[in-house]
Amino acid sequence: MKPRNVLPDMPRLRPIVTALALALSSPITAPHVFAAPLSVQSEHRPDSIVVGNCNDSGPGSLRDAVANAVSGELVDLSNLNCSTITLTSGAIEIPQDNLYLKYSGEGGTPPTIEANLSSRVFHHTGSGTLRLVGLTITLGKYDNTNVYQPVPASGGCVYSAGSVYLLGSTVSSCTAKDTRGEDAAGGGIFSVHALTLSHSIVSGKSATSTARFAAGGGVFAHSAIDVEYSSVSGNVASGLGGANVGGGIAVVNTGRGLSTIANSTIGANRADIGGGLMISGSGSMHASAFVKNSTISGNMANHYAAAAYFRGPVTLANSTIAFNQSASGPALELASHTDPMVFESTILANNGNYALGDQGFALAITGADNLVVGVTGSILLPPDTISFDPMLLPLADNGGPTRTHALGNGSPAIDAGNNVAGLAVDQRGSGFARVFGAAVDIGAFERQSADDTIFANGFDP
């Protein structure tokens, strides 16, 4: 088997960084039940501009409110009694370093802001953080057809030259499409710096290049990401380059921060490599990742690493990685044998082809109390690893904001795990104790009682 200790053609993705510098100098839909806009009331700020109508422009419009805001101010959409803002004159430009756009979520329906596939929705050129709270952002599209310089297509719905913070929001049905022989990145969201997703949905996005490479069908970030209680599903990275990466999430971390994914589901995404996600460093730098209390399921890779591709140290704790399909390689891949991989109380099973592969070097996994099925080559697992069918039920709404795989009756994962990570709850959050019964269950789902399976509805990814 050909060694794959370095992602093929990774250097070809680096032009995105250079091109972005030039750009900055120039002028499935997932069911909402799985990501309720929680805790948005806590985002109150005393200084605010109130949006008064759903017009595209003019006095009282969102565009007008943003144009008149100062950096750090709150643009409040909570008083709107209309359901949709349709942009007809291009993306809303946000030059402020920091800006808050919020819908309170108190007894109403979040307004939908859509661009009818004619432009991005938000174009943030400030260096700080764009906060989007309680919003639904959809039908954005960015392509570089009319850009007369070598600029990649990036940020189909949201582009930020700084950082993005998404809380209680949905970003769906967006496209970043290259038509000039460049790269494409961030079908839904592109962040030049950090990205935070909390209680949010990113779904139905695509990053497409007609000649080169695509990265981050759902989201792309050039710094560490923080994902919690969120769903990233049904996103695609595609192009003619043959090494399109990160169907759901792509991170090319140019710093040294730790990317964290907690209490979240990454499902039914697709790319050539890293169907669910890719977390990598830049150049010789490797990027660290910590995945806990999360599910990576139903993702596909045309080559390998359908679930995830990591280029750097990674810890998987109390997580479930299952039903991912790679055409010619393992579902989960670590790029370098010099980077440690730690499994704690994690399920890696029911993946097509095989779960972990040779990759051209001996790889020793450390940790304890795992269930791993499907290993080939010179992979060394912790000595207490079990390799039985975990008896996972279909991905379903079992309570909480994201879908999970419940454990069927008699699963060997029940009471066989650990809580080294010190988790209070399972993936579902409040009301679902992480420790129930004789011991912790292996995986993201903690069986609460003998009849816990009544929640399963058979909703496959």
Side-chain angles (χ1 to χ4, degrees), residues 33-36 38-39 196-200 226-232 258-267 289-297 307-308 314-323 332 341-350 365-372 382 384-386 388 390-456:
V33 67
F34 298 123
L38 304 179
S39 304
T196 298
L197 302 178
S198 179
H199 291 90
S200 294
D226 188 1
V227 180
E228 63 171 5
Y229 292 103
S230 294
S231 174
V232 179
L258 173 68
S259 288
T260 302
I261 298 173
N263 299 81
S264 296
T265 294
I266 300 173
F290 184 23
V291 180
K292 59 182 178 179
N293 252 0
S294 293
T295 297
I296 304 176
S297 175
V314 59
T315 297
L316 305 177
N318 305 86
S319 293
T320 299
I321 302 172
F323 304 107
L332 184 66
M341 177 174 272
V342 181
F343 286 5
E344 295 288 355
S345 196
T346 286
I347 293 173
L348 182 60
N350 300 115
I365 310 295
T366 61
D369 305 309
N370 301 291
L371 190 159
V372 179
D384 65 349
T385 302
I386 59 176
F388 304 111
M391 301 173 64
L392 298 174
L393 297 180
L395 197 64
D397 176 11
N398 296 303
T402 57
R403 294 182 294 170
T404 51
H405 285 293
L407 299 173
N409 292 325
S411 169
I414 296 173
D415 296 337
N418 69 51
N419 193 21
V420 172
L423 304 170
V425 295
D426 75 2
Q427 177 176 329
R428 295 167 291 175
S430 179
F432 299 94
R434 179 69 270 186
V435 184
F436 190 97
V440 176
D441 297 343
I442 304 175
F445 180 94
E446 181 76 16
R447 194 174 161 98
Q448 304 294 303
S449 65
D451 61 355
D452 215 355
T453 57
I454 63 172
F455 290 106

Under 3.5 Å donor-acceptor, [X] side chain and [Y] backbone:
X: Asn293; Y: Val425; value: yes
X: Asn370; Y: Ser345; value: yes
X: Arg447; Y: Leu407; value: yes
X: Glu446; Y: Phe436; value: yes
X: Thr265; Y: Ser231; value: no
X: Ser411; Y: Gly408; value: no

Partners of [X] by side-chain contact (heavy atoms from CB on, under 4.5 Å), sequence neighbours excluded?
X: Ala416; result: Ile442
X: Leu258; result: Thr260, Ser288, Phe290
X: Ala368; result: Glu344, Asp384, Asn418
X: Ser259; result: Ala224, Ile225, Val251, Ile279

For Asp441, all residues meeting salt bridge (Lys or Arg N to Asp or Glu O under 4.0 Å), sequence neighbours excluded: none

Residues which pass side chain to side chain donor-acceptor pair (under 3.5 Å) with Ser264, listed by chain and number, not counting sequence neighbours: none

Residue that, paired with Thr404, satisfies side chain to side chain donor-acceptor pair (under 3.5 Å) out of Asp426, Thr295, Asn263, Asn398: Asn398

Where do Ala307 and Ile321 come nearest, in terms of heavy atoms and distance? CB-CG2, 3.6 Å

Exactly one of Leu423, Asn318, Thr315 should register a side chain to side chain contact (heavy atoms under 4.5 Å, CB included) with Lys292. Which one does?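 For Lys292, the side chain to side chain contact (heavy atoms under 4.5 Å, CB included) test succeeds with only one of Leu423, Asn318, Thr315, which is Leu423.
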
Could you measure the distance from the CG atom of Leu392 to the CD1 atom of Ile347? Nearest 0.5 Å is fine. 5.0 Å

